[in-house]
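Side chains are part of it too, since the values below use all heavy atoms of this structure and drop only hydrogens, waters and symmetry mates. Atoms within a ligand are numbered from 1 in the order they appear, just like the ligands themselves.
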Amino acid sequence: MFVPFLDLKTQYNQIKDEIGSELAEVLDTCYYVLGPKVISFEDRFAEIAGTKYCIAVSSGTAAVHIMIWASDLQPGSGIIVPPNTFTASAEGIVLAGHVPVFVDVDKDTLNLSPDKVRSFLESCSSAGRPVDPKTNAQVRGILAVDLYGQPAALSELEKISERYGLLLFEDACQSVDALRDGRPAGSFGTAAAFSFYPGKNLGAFGEGGAVTTNSEDIAGRVRTLRDHGSREKYLYDYIGHNYRMSAFQGAVLGVKSRYISQWNDKRREAAERYNELLSGLPVELPVEDGDVRHVYHLYAIHTPDREDLREFLSLRDVASGLHYPIPLHTQKAYSYLGHEAGDFPVSEWNSSCNLTLPMFPDITEDQQVIVAETVRSYFSKKG
Ligand SMILES: Cc1ncc(COP(=O)(O)O)c(C=O)c1O
């Protein structure tokens, strides 16, 4: 039996009728961009993220970019970000006119390490003002990424940000409905960005994203910037962008957001089952960090044998993924920052050893047993 990495069809079949009638309403009203379906999704999503405001945009990349752009930092500011993330995290910083300042992650959680952030800031501050020694950029923000669905150490990063007068942004693109210290992903710091790319926990039927914030100012600017800097038709306060969400995606997300919490519960159950099935094998399993609800957008194991293991799985019809195989600081696009291999050892270890296993809410026990047994047989053959 082929075990897919992700199965969107089974989920779609469960909600097909609800989705159909919502999409039919969009077609009947001919309100294709923003409009009532997007507004009602925004209201619902603000509840999920525990914030006053949610502004829907056209993708997670747009969300990262626009939340930083809207926060009005001085151009060329340094923003701390981990190197083991999808490029859009650092890309959003650059698109907003700023400088990614890479700091390494924690070995267990693979999220920004508060200790490393603290020592970096201490090492490059004079009179409490940190300056990135690589680029000379004044450090004014932190963009924490909730990798694989586990919120970063956001409460601690909030304290560090306060101490150094930094803005804390959250890339919550992988962590819809997750919790850290009892608070929802999306509710920390200045603002958070979400992605509703189809493969995400809350996936649209195309591209989609959102910014959540408690700041009325930032919410207002994001709303304006996503629509050409315009508050009123043909009146432009700023040079903006077209980052509007399609009404079809708002309609789909409105339906799917009713189920997200139970789908994430099922992901958590599947993760627990993998932990049991894989125990005793020479692989590192995901570590939950203190008081968190990890929502397992991805279930990542680590092994130095991952290339061979991946091929072994693939030859036996078990799909797997790599998230992410090359850390950002060694990518050509970021070479101008002047880093080299060896600068961020934990991120580099993660990139060389991670393997993500099939994970979706409807994964069956039988499918998980096949995955685990195939991993087990790889290691017993290897001896
Ligand atoms: C951590 C992270 N940031 C940003 C993004 C960008 O989201 P999108 O693909 O919706 O543009 C993604 C999604 O791939 C992501 O995983």
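The distance criterion of under 3.5 Å between nitrogen or oxygen atoms is not met by Tyr197 with respect to ligand 1. Residue-to-ligand polar distances keep Glu207 apart from ligand 1: every N/O pair is separated by 3.5 Å or more. The N/O atoms of Val64, backbone and side chain alike, include none that comes under 3.5 Å of an N/O atom in ligand 1.
Using cut-offs of 30° and 60° on the angle between ring planes, the pair Phe5 and His323 is parallel. Between His241 and Trp69, the ring planes lie perpendicular to each other; the angle is over 60°, past the 30° to 60° tilted range. Ring-plane geometry between Tyr236 and Tyr234 is classed as perpendicular, the angle between the planes exceeding 60 degrees on a 0 to 90 degree scale with a lower cut at 30. Below 30°, between 30° and 60°, or above 60°: for Phe196 and Phe45 the angle between ring planes is above 60°, a perpendicular geometry.
Scanning all protein heavy atoms for the shortest distance to atom 16 (O) of ligand 1 gives Gln174 NE2, 2.9 Å. Here the protein heavy atom with the shortest distance to atom 15 (C) of ligand 1 is Cys173 CB, 3.6 Å. The closest protein non-hydrogen atom to atom 3 (N) of ligand 1 is Asp171 OD2, 2.7 Å.
Near Tyr324, with a cut-off below 4.0 Å to any heavy atom, the atoms of ligand 1 are 16 (O). Atoms of ligand 1 lying under 4.0 Å from any heavy atom of Ala88, numbered from 1 in the order shown and given with element: 4 (C), 5 (C), 6 (C). Atoms of ligand 1 found under 4.0 Å from any heavy atom of Thr85 (numbered from 1 in listed order, with element): 1 (C). Here is the list of ligand 1 atoms found below 4.0 Å of a heavy atom in Lys200: 12 (C), 13 (C), 14 (O), 15 (C), 16 (O). Short contacts between ligand 1 and Ser195, defined as distances under 4.0 Å to a heavy atom of the residue, involve ligand atoms 7 (O), 8 (P), 10 (O).
Taking the ring axis of Phe312 as reference, the NZ or CZ atom of Arg316 stays within 45° of it and closer than 6.0 Å to the ring centre.
Atom CD of Gln331 sits in a crowded spot, with more than 12 heavy atoms from other residues, nucleotides or ligands closer than 6.0 Å.
Grouping the Ile, Leu, Val, Met, Phe, Trp and Tyr side chains by contacts below 4.5 angstrom, directly or via other members, places Phe248 apart from Tyr31.
Using a 4.0 Å cut-off between heavy atoms, Thr61 contacts ligand 1 through both its backbone and its side chain.
Counting all heavy atoms, side chain and backbone alike, Leu154 lies closest to Ala144 at CD2-CB, 3.9 Å.
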